[in-house]
Asks: 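Below is one structure. I have some questions about it.
Whatever order the structure lists them in is the order used to number ligands and atoms, beginning at 1. Residue numbers run from 1 in the order of the sequence given.
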Amino acid sequence: MSEASDQSSGPVTTGTVKPRVLSGIQPTADSFHLGNYLGALRQWVALQDTHDAFYCVVDLHAITVRHDPAALRRRTRVAAAQLLAMGLDPDRATIFVQSQVPEHTELAWVLGCLTGFGEAGRMTQFKDKSAKQGATGTTVGLFTYPILQAADILLYSPEPGPGERALRVPVGEDQRQHLELTRTLAQRFNHRFGDTFVLPDASIIEGAAKITDLQEPTAKMSKSASSPQGIIDVLEEPGPMRKKIMRAVTDTGTEVRFDEEGKAGIANLLRIYSALEGVSIADLERRYEGSGYGRFKKDLAALVVDTFTPIRERTLKLLDDQDGLDRILADGAGRAGAVARRTMEVVRDRVGFAGRALDR
Ligand code: AMP
Ligand code: TRP
C-alpha cells in the first residue's frame, strides 16, 4: 500500500493522496457466509486504513431475481450492520445503500448504451443465473446487472490526469469478468467522450479467494447453491457452526495435507484455517502431522467460532438501534452522493445532454 496514504484526511475529500477503493455486496441473505468474509469482506476492512473507501450494499442488484420487499429491507439493514460489526468504521469509510444514490441507475443507462448486446451476453454469471431462473424468470435486469456494477464502480472513479489515483475493487475471483467489462466500458467512454474515468483494478485475494462447500468441497460455498450443512453463516450460533465443521466432508485418509485434487475437503479446511489464523498452509501441515482429522477440525471449529461470535454480537446490537443504523447509512449516502453527483455532471456534459437552465 502506498506510503503517501498516511498523509490523507477525511473519507471523501478530493485532492487527498489516498488511492480509492470501492466494492459492493448484495443483501440477498439473512447473513453473510464464510466465503463472503474470506473472499471479500475481510479485505474491505483492511483497506479502509490505507484507502479512501466506498462500500455499498447493492440492493438494486438484489432485485434482478424475484424478491420479497420486506425481506429485502431487512436484509439490507442486516448486511450493513454486519459490515459495521466486522470493523468498517463510518468515520473512515463511506458505507451506503446503492438505491439511496440514484446516480447509480443513471450512469448504468449511459453505460448500457455503450455495451454491445453480444458483449453482455458473454457474461458467465448471467449464463449461470439465467439457466437457473429459466426463460420466464430471467429478467432484463439480470442481463444488465454487470452494467449496473460498472456504474457502481465508475461513479467513484477519481479524476484521471496528472497525479492520477488508483481505483481498486476488491472482489472474489468470480467477479473478474465483470471487472474486465467495467474496464472496457471505461476505456470506451474515455475514447469516445474524452478522459473521464480511471480504469479500475480488480484486487482478487489470492489463496483465500475461493472457499468451497463443506459438504461438496469441489463446489463454491454459495448461499444459492449450498445446502445449509455446506455453508457457515457469519451470524450462526456457535453450536451449529462447530457441528458443521466437525461434519465437513473429507476423505478416507488421515493425513492433513494440502492436495486440491485428491483431498478437496481437507484442502478447503486448510485454506480457511490459514486465512483466519494468518499462518501458512505448510505450517498447519506440520502442526497437524500425524494427528488425524479430529483434532484439526476441532481446532478449526474453535477458531471459526472465536472469529464470528463477536461479529454476531455486535451485529445484533446494531440492529437493536434501527434509527441509529439508518442514520449511519443516510450519512454514507450523503457522502457517496456528493461524489456521484460530481461524476454525473461531467458525464452528462461529455455525453451531450443539454443542462437545465436552473443548473446554470
Ligand atoms: P455473493 O454473495 O455471491 O454475491 O458474493 C459476495 C462477495 O463474496 C463477492 O465478492 C464474491 O466474489 C465473494 N464470494 C462469494 N462466495 C465466495 C466463496 N465461496 N469464496 C470466496 N469468495 C466468495
Ligand atoms: N456483483 C458483485 C457480486 O456479486 C456485487 C457488486 C455490485 C459489486 N456492484 C459492485 C462488487 C461494485 C464490486 C463493485 O459480488
Asks: If I compare all heavy atoms of T138 with all of L142, which pair ends up nearest, and what's the gap?
Replies: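 Looks like CG2-CD2, 4.2 Å.
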Asks: Can you tell which of D213, D174, L41 gets a heavy atom nearest to atom 12 (O) of ligand 1?
Replies: D174
Asks: Taking distance alone, with no angle check, do Q149 and ligand 2 share an N/O pair under 3.5 Å?
Replies: yes
Asks: Of the side chain and backbone of Q98, name the one, both, or neither that has a heavy atom under 4.0 Å from an atom of ligand 2.
Replies: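 None of Q98 does.
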Asks: Check each atom of ligand 2 against the heavy atoms of V58 and keep those under 4.0 Å away; list them by number with element.
Replies: 7 (C), 9 (N)
Asks: Return yes when atom CZ of R247 has more than 12 non-hydrogen atoms of other residues, nucleotides or ligands closer than 6.0 Å, and no otherwise.
Replies: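 No.
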Asks: Report the member of A29, P170, G35 with the shortest heavy-atom distance to atom 17 (C) of ligand 1.
Replies: G35
Asks: Hey, is CZ on R74 packed in by over 12 heavy atoms from elsewhere, all under 6.0 Å?
Replies: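 For R74, atom CZ is crowded (more than 12 foreign heavy atoms under 6.0 Å).
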Asks: With heavy-atom distances below 4.0 Å as the criterion, list the atoms of ligand 2 near V171.
Replies: 11 (C), 13 (C)
Asks: Polar-atom distance check: Y145 versus ligand 2, any N or O pair below 3.5 Å?
Replies: yes
Asks: Would you mind listing which atoms of ligand 2 come within a distance below 4.0 Å of any non-hydrogen atom of I153?
Replies: 12 (C), 14 (C)
Asks: So which heavy atom in the protein is nearest atom 2 (C) of ligand 2, and how far is it from that ligand atom?
Replies: Q175 OE1, 3.3 Å
Asks: Which atoms of ligand 1 are found less than 4.0 Å from any heavy atom of G39?
Replies: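 Reading through ligand 1 atom by atom, the close ones are 21 (C), 22 (N).
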Asks: Of all the atoms in ligand 2, which lie at a distance below 4.0 Å from a heavy atom belonging to L22?
Replies: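 Within the 4.0 Å cut-off of L22, ligand 2 contributes 12 (C), 14 (C).
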Asks: Is the shortest N/O to N/O distance between K223 and ligand 1 below 3.5 Å?
Replies: yes
Asks: Heavy-atom distances under 4.0 Å decide this one: backbone, side chain, both or neither, for I211 against ligand 1?
Replies: both
Asks: Could K129 and Y145 be counted as a cation-pi pair, given that NZ or CZ must be under 6.0 Å from the ring centre and within 45° of the axis?
Replies: yes
Asks: For ligand 2, which atoms, with element, lie under 4.0 Å from some heavy atom of V169?
Replies: 13 (C), 14 (C)
Asks: Is ligand 1 under 4.0 Å from a heavy atom in the side chain of K210, in the backbone, in both, or in neither?
Replies: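 The backbone, only.
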Asks: Can D59 and S99 be counted as having a side-chain donor-acceptor contact under 3.5 angstrom?
Replies: yes
Asks: Please test T28 against K223 for side chain to side chain donor-acceptor pair (under 3.5 Å), starting from the C-alpha separation and ending with a verdict.
Replies: CA-CA 9 Å; T28 40; K223 67 196 157 229; 3.0 Å; yes
Asks: Please name the residue in the list F96, Y156, W44 that meets the ring-ring contact (aromatic ring centres under 6.0 Å, His included) test with Y55.
Replies: W44
Asks: Which protein non-hydrogen atom lies closest to atom 5 (C) of ligand 2, naming both residue and atom, and how far is it?
Replies: G24 O, 3.6 Å
Asks: Side chains of H61 and Q26: is there a donor and an acceptor less than 3.5 Å apart?
Replies: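 H61 vs Q26: no donor-acceptor pair found between side chains.
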Asks: Which ligand 1 atoms does N36 reach within 4.0 Å, using its non-hydrogen atoms?
Replies: 1 (P), 2 (O), 5 (O), 6 (C), 7 (C), 8 (O), 14 (N), 15 (C), 16 (N)
Asks: Does one side chain, of D152 or H104, offer a donor that lies under 3.5 Å from an acceptor on the other?
Replies: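 A pair is found: one side chain offers a donor N or O, the other an acceptor, under 3.5 Å apart.
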Asks: What closest approach, in Å, do Q125 and Q177 show between heavy atoms, and which atom pair accounts for it?
Replies: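 It is N-OE1, 4.4 Å.
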